[in-house]
There are 2 protein chains.
Amino acid sequence: MPDSDHAIAATFAPHDHQQCAHRALDEAAARLTEQGARLTPVRRRTLEILLESHRAMGAYEVLDRLAAEGFGRQPPVAYRALEFLVTHGLAHRLQRLNAFAACLHPGHDHHPAFLICRSCDKVAEAAAAPIRDALTAVAAQGGFRVERATIEALGLCATCAAEGVA
Amino acid sequence: MPDSDHAIAATFAPHDHQQCAHRALDEAAARLTEQGARLTPVRRRTLEILLESHRAMGAYEVLDRLAAEGFGRQPPVAYRALEFLVTHGLAHRLQRLNAFAACLHPGHDHHPAFLICRSCDKVAEAAAAPIRDALTAVAAQGGFRVERATIEALGLCATCAAEGVA
DNA sequence: GCGATGGCGTTACTTTATTACATTCAGGTT
DNA sequence: AACCTGAATGTAATAAAGTAACGCCATCGC
Ligand SMILES: [Zn+2]
Ligand SMILES: [Zn+2]
Ligand SMILES: [Zn+2]
Ligand SMILES: [Zn+2]
């Protein structure tokens, strides 16, 4: 992940989010073309909805939006689109929240660590490599081979801290 | 956590589980006495059920067991007992699995990392300190203050690997 | 054009979790 | 002993999250 030192701050700090979302959508489309997968209307719209903010959204929250815009109104509609996005590395699932967030760095580290601000609810992706290394090392001492890791932190972002949130 | 190098292997390898479970239950009772909390029949039985194996159990699986033994048969019965155990550090909740596992080291590291074997389904607790340190450091670079971390690894334990599971 | 495939929509259902409220029980007070 | 009180337990009802099964239609390779 390039700019990994700044990616976290960039998520939480005020920024030109129009551009931020637009770039992520473009990257996503590019990656799908590479992979020969189709970015259909529901899928595209689902990704756009996730990209509207840096928050994670529940499947039913996404579904309500899709239904309001003329797409299907049954759970599988949302779950399928979300699963597609996750499978293709364009979105992530947050276990703690039973929710989904758009990936802002498609193509880089597909299994990042997540930083969830308990005040503003925004979610940032952090480089997981050093953390996963530590985990892998601890596990290896017990003979355990790590294949997939879920790393999610709850805490307070710099912006909220600066605003005096305890 | 003492014996942290061996705690993982001890969970997955064959061992005197009677004693293993008994010791955990005794420690749990001792801790509750310290804290002035009550280990009521449902709570005790819930912990015993979790301690029967090193697997994580869903709330409804626990509930079925409790109901069969004459306790209430509505979800809150299980959820309340489980929440009590989690709150008092006697059990852990696994986010990936929507399930609960007894804590084998009550009083030591109350927020361990979890190693979940995809073959035998056993769950081991690993020292989280080095992992959390790496996470905290990465987050700090982005101005994020970590308060709680969820660290869960899916993989293969030494015992299953030795048995030739791919 | 035509069959195969993938995507989308539906209905129906399962699993997981919470809210609200009545009842019981241990502990201390009078 | 009678009484109060708060914690613990039970219930019913409902919400929230997720999946299975099936039909229709569009797109694509032929
Ligand atoms: Zn943005
Ligand atoms: Zn924040
Ligand atoms: Zn054991
Ligand atoms: Zn195993």
Side-chain angles (χ1 to χ4, degrees), chain A residues 28-29 32-33 35-50 55-88 90-101 116 121 150 152, chain B residues 28-29 32-33 35-50 55-88 90-101 116 121 150 152:
Chain A
L32 287 182
T33 304
Q35 299 178 21
R38 294 168 50 199
L39 187 57
T40 61
V42 214
R43 291 170 178 174
R44 178 183 198 95
R45 194 68 197 110
T46 300
L47 182 52
E48 286 172 355
I49 288 168
L50 290 182
R55 289 189 311 109
M57 295 178 76
Y60 281 77
E61 199 179 344
V62 170
L63 178 59
D64 284 347
R65 294 286 308 274
L66 291 174
E69 298 178 18
F71 294 99
R73 47 185 63 258
Q74 302 304 321
V77 170
Y79 280 102
R80 280 195 293 237
L82 290 166
E83 187 190 14
F84 172 87
L85 295 175
V86 169
T87 299
H88 290 80
L90 309 180
H92 299 288
R93 175 177 205 135
L94 289 139
Q95 306 283 352
R96 275 195 92 99
L97 307 176
N98 288 334
F100 300 82
I116 306 162
D121 290 328
T150 299
E152 301 178 4
Chain B
L32 286 182
T33 304
Q35 298 176 24
R38 295 167 47 199
L39 187 58
T40 60
V42 215
R43 292 169 178 173
R44 178 183 196 95
R45 195 66 197 110
T46 300
L47 181 54
E48 286 171 356
I49 288 168
L50 290 182
R55 289 189 312 106
M57 296 179 76
Y60 281 77
E61 200 179 345
V62 171
L63 179 58
D64 285 347
R65 293 286 308 275
L66 291 174
E69 298 179 19
F71 294 98
R73 43 186 64 258
Q74 301 303 322
V77 170
Y79 280 102
R80 280 194 292 235
L82 290 166
E83 187 190 17
F84 172 88
L85 295 176
V86 169
T87 299
H88 291 78
L90 308 181
H92 299 288
R93 175 177 204 137
L94 290 139
Q95 305 284 349
R96 277 193 89 102
L97 308 177
N98 289 332
F100 301 82
I116 306 163
D121 290 329
T150 299
E152 300 178 6

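Every heavy atom of this structure was used, including side-chain atoms; hydrogens, water molecules and symmetry mates were not. Naming convention: chains lettered A, B, ... in sequence-line order (proteins, then strands); numbering from 1 in each chain.
- Using a 4.5 Å cut-off on side-chain heavy atoms (C-beta onward), B:Leu50 and B:Leu82 make contact.
- When all heavy atoms are compared, the tightest approach of A:Tyr60 to A:Pro75 is OH-CG, 3.4 Å.
- Atom CZ of B:Arg96 has more than 12 heavy atoms from other residues, nucleotides or ligands within 6.0 Å.
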Full working for side-chain contact (heavy atoms from CB on, under 4.5 Å) between B:Ile49 and B:Phe100: CA-CA 11 Å; B:Ile49 288 168; B:Phe100 301 82; over 6 Å; no
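- Both key distances under 3.5 Å define a Watson-Crick or G-U pair, and stretches of 3 or more such consecutive pairs in DNA chain C run C:1-30 with D:1-30.
- No side-chain donor-acceptor contact under 3.5 Å links A:Gln95 to the backbone of A:Thr150.
- Nucleotides of DNA chain D lying under 4.0 Å from heavy atoms of chain B occupy a range whose first and last members, 5' to 3', are D:dA8 to D:dA12.
- Nearest heavy atom pair, residue B:Ala56 against residue B:Ala99, reads CB-CB, 3.7 Å.
- Pairing each heavy atom of B:Met57 with each of B:Val62, the nearest pair is CB-CG2, 3.9 Å.
- Under 4.0 Å is where a charged nitrogen must lie from a carboxylate oxygen, and between B:Arg45 and B:Glu48 at least one such pair does.
- Side-chain contact between B:Thr87 and B:Phe84 is absent, with no heavy atoms from C-beta onward closer than 4.5 Å.
- Taking 4.5 Å as the limit, every side-chain heavy atom of A:His88 sits out of range of all side-chain heavy atoms of A:Arg43.
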Heavy-atom contacts, protein to nucleotides 3-18 of chain C, under 4.0 Å, summarised as B (base), S (sugar-phosphate only) or - (none) per nt, yield ----SBBBB----BBB
